[in-house]
Colleague: 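Starting off with a structure, shown below.
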Amino acid sequence: MIMRVLYVTSEIAPLIKTGGLADVSAALPAALIAAGVDVRVLVPGYPQILRALPQLNDVALFALHDFPCASLLAAVLPDGVRIWVLDCPELYQRGGGPYQDEHGHDWPDNAQRFGLLSKVAAVLGSSDSSLGWKPDVVHCNDWQTGLTPAYLHFANKAAPCVMAIHNLAFQGVFPPDCVAELGLPAQSFQMEGVEYYGSLSFLKAGAYYADHISTVSPSYAEEIQDEALGFGMQGLLAQRHEVLSGILNGVDYTEWNPGCDTRLAQEYTAGDLRGKLANKIELQMRMGLRVDPEVPLFGMVSRFTFQKGLDLVLEIAPELLAMPAQLVLLGTGDADMQRAALELLHKYSGQVGVYVGFNEELSHLVEAGADVFLMPSRFEPCGLNQMYSQRYGTPPVVHATGGLKDTVVDCNVATLADGTASGFVFSPADADSLLLAVRRAVDAYYDKKIWHALQMNGMSKDFSWGKSAAAYIEIYERLMRR
Ligand code: ADP
Ligand code: GLC
């Protein structure tokens, strides 16, 4: 019998994306389908999604608890993935982003918006659903779907569920009155339930009630069981360690591959790197940098937040630029960090390029046109850009944390000798050790033999989704046997 999985997510590339979850939500369902699983992806009906999918068919209508009426619309994405769009204009039809308005403030009704998404997923995963298609497993992602396992727990004949944690720093914490408003049983509001330090936490609910918890790298699965990165949930996660797995994200090489990336100035392969230089020059011109094929060019594409360590890059910028080197920053987020990045741009014009905003095309050009990729994240559940940059022949400088430490091999005598060196790994996450790693990268850059070896090692790595999809299928099978 074919296994059926309902995959619930709050973003999916290229339709709506704020970060890595969107890339994963596009690629993992496709990889599961390729492995023979029957998947439906459930997403909120944001305007960006409704506009992009004109061919939608009505599938079901929901009038649930105190939520506004919503309908389920079905479509098939160009890659064959079947998507279910939850249309509820009152909650999802608005400008701004999926979680925040255009000024960066959280939508005040986020509890209702993602409560409804979670609730509908649970209805679809239980005998309350009127649809013929019933999932064997429900796969939830991040806090926006965190109430699904709770609703399923109290539903009839519920499918087992996996709670995938992509980032424990975002938990979806709301006032206690939301428990009743969202139709959760009063008895669920306790430590052995959805309660988290006196509030309702969507992600805690998911981690508590899910049949299995997954996260996006083996190292992060360990780290979140400790105080430093457990964000208050380390106790629960350690207690549930037997049903907690760390499965590394993959890379969608149909999207992220310099050999067939139409967003680049010129495509290139490991066998012929000449096109990479054309991208460097294009990037220098686009970002107002002095055109110079020789100078080492550092690139960063990131949400501008404390997590990502942009402040560390800004702190070492004077030394980095004096090496000499150039720096390109692409990102958006924290207002102070944006301001500081723009100040740097004005101080070092011709040497620094900054783009504040979200720009998919430019992100590909930075991966290809930079010589070194910067990812000094203080913590990083998985991280995708360091995997992309290795495929683009752009060795990354990363902090030894989470998925960064699981996917980048530090360059040293031993790893150069055994052919595994693929970047520069530093610790602790402070400016001094970042600067040291940057110096090592520049030294290596000027040694043509070492640099070429690093590029080849990175480019030949295989981070494709097949292995990770198989690991999820194994978990689904285990849950179905129970
Ligand atoms: P996170 O999900 O924590 O932001 P990841 O490394 O997993 O980090 O994924 C980030 C994704 O978002 C990557 O595909 C990256 O290229 C993309 N991205 C982040 N910021 C921007 C931006 N300003 N413009 C374009 N793409 C961006
Ligand atoms: C989160 C994490 C990032 C991860 C992504 C996709 O946003 O911050 O490390 O790669 O989710 O799983």
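All values below were derived from every heavy atom in this structure, side-chain atoms included, with hydrogens, water molecules and symmetry-related copies excluded. Counting convention: from 1, in listed order, for ligands and their atoms alike.
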Colleague: Give me the ring orientation class for His139 and Tyr7: parallel if the planes are under 30° apart, tilted from 30 to 60°, perpendicular past 60°.
Modeller: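 Taking Tyr7 first and then His139, their aromatic rings sit tilted (interplane angle of 30° to 60°).
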
Colleague: Please determine, by modelled atom types, if Thr415 and Asn412 share a side-chain donor-acceptor pair under 3.5 angstrom.
Modeller: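 A donor-acceptor contact under 3.5 Å links the two side chains.
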
Colleague: Check each heavy atom of Ser302 against ligand 1 and say whether those closer than 4.0 Å belong to the side chain, the backbone, both or neither.
Modeller: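 Under 4.0 Å from ligand 1, Ser302 contributes backbone atoms alone.
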
Colleague: Considering non-hydrogen atoms of the protein only, which is the closest contact for atom 17 (C) of ligand 1, and what is the distance?
Modeller: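 Of the protein heavy atoms, Lys17 CE, 3.7 Å lies nearest.
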
Colleague: Starting from atom 4 (O) of ligand 1, which protein heavy atom do you reach first, and at what distance in Å?
Modeller: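 Nearest protein contact, heavy atoms only, for atom 4 (O) of ligand 1 is Arg303 NE, 2.8 Å.
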
Colleague: Could you pull out, from Tyr355, Phe358, Phe170, the option with a heavy atom nearest to atom 22 (C) of ligand 1?
Modeller: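 Among Tyr355, Phe358, Phe170, the closest heavy atom to atom 22 (C) of ligand 1 comes from Phe358.
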
Colleague: At under 4.0 Å between heavy atoms, is it the side chain or the backbone of Asn359 that contacts ligand 1, or both, or neither?
Modeller: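 It is the backbone that touches ligand 1; the side chain stays farther off.
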
Colleague: Could you find the nearest protein heavy atom to atom 4 (C) of ligand 2 and give me its residue, atom name and distance?
Modeller: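 Protein heavy atom at minimum distance: Gly383 N, 3.6 Å.
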
Colleague: I need the atoms of ligand 1 closer than 4.0 Å to a non-hydrogen atom of Tyr388, numbered in the order shown.
Modeller: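 Those of ligand 1 that fall under 4.0 Å from Tyr388 are 14 (O).
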
Colleague: Between Gly20, Gly402, Pro381, Cys382, which one has a non-hydrogen atom sitting closest to atom 5 (C) of ligand 2?
Modeller: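 The option holding the nearest heavy atom is Gly20.
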
Colleague: Heavy-atom pairs closer than 4.0 Å: do any link ligand 1 to the side chain of Lys308, the backbone, both, or neither?
Modeller: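 Side chain only.
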
Colleague: Do ligand 2 and Lys308 have nitrogen or oxygen atoms that lie under 3.5 Å from each other?
Modeller: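 No; the residue has no nitrogen or oxygen that sits under 3.5 Å from a nitrogen or oxygen of the ligand.
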
Colleague: Please enumerate all residues that pass ring-ring contact (aromatic ring centres under 6.0 Å, His included) together with Tyr445, with sequence neighbours excluded.
Modeller: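 So Tyr445 forms a ring-ring contact (aromatic ring centres under 6.0 Å, His included) with Trp451.
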
Colleague: Check whether any side-chain heavy atom of Leu182 lies under 4.5 Å from a side-chain heavy atom of Leu147, and answer yes or no.
Modeller: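 Leu182 vs Leu147: side chains touch.
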
Colleague: Indicate, as side chain, backbone, both or neither, the part of His166 found under 4.0 angstrom from ligand 1 when only non-hydrogen atoms are considered.
Modeller: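 Within the 4.0 Å criterion, His166 makes no contact with ligand 1.
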
Colleague: How far is atom 1 (C) of ligand 2 from its nearest protein heavy atom, and which residue and atom is that?
Modeller: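 Atom 1 (C) of ligand 2 sits closest to the protein heavy atom His166 O, 3.1 Å.
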
Colleague: Between Ser422 and Gln390, does any side-chain donor sit less than 3.5 Å from a side-chain acceptor?
Modeller: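 Short answer, yes.
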
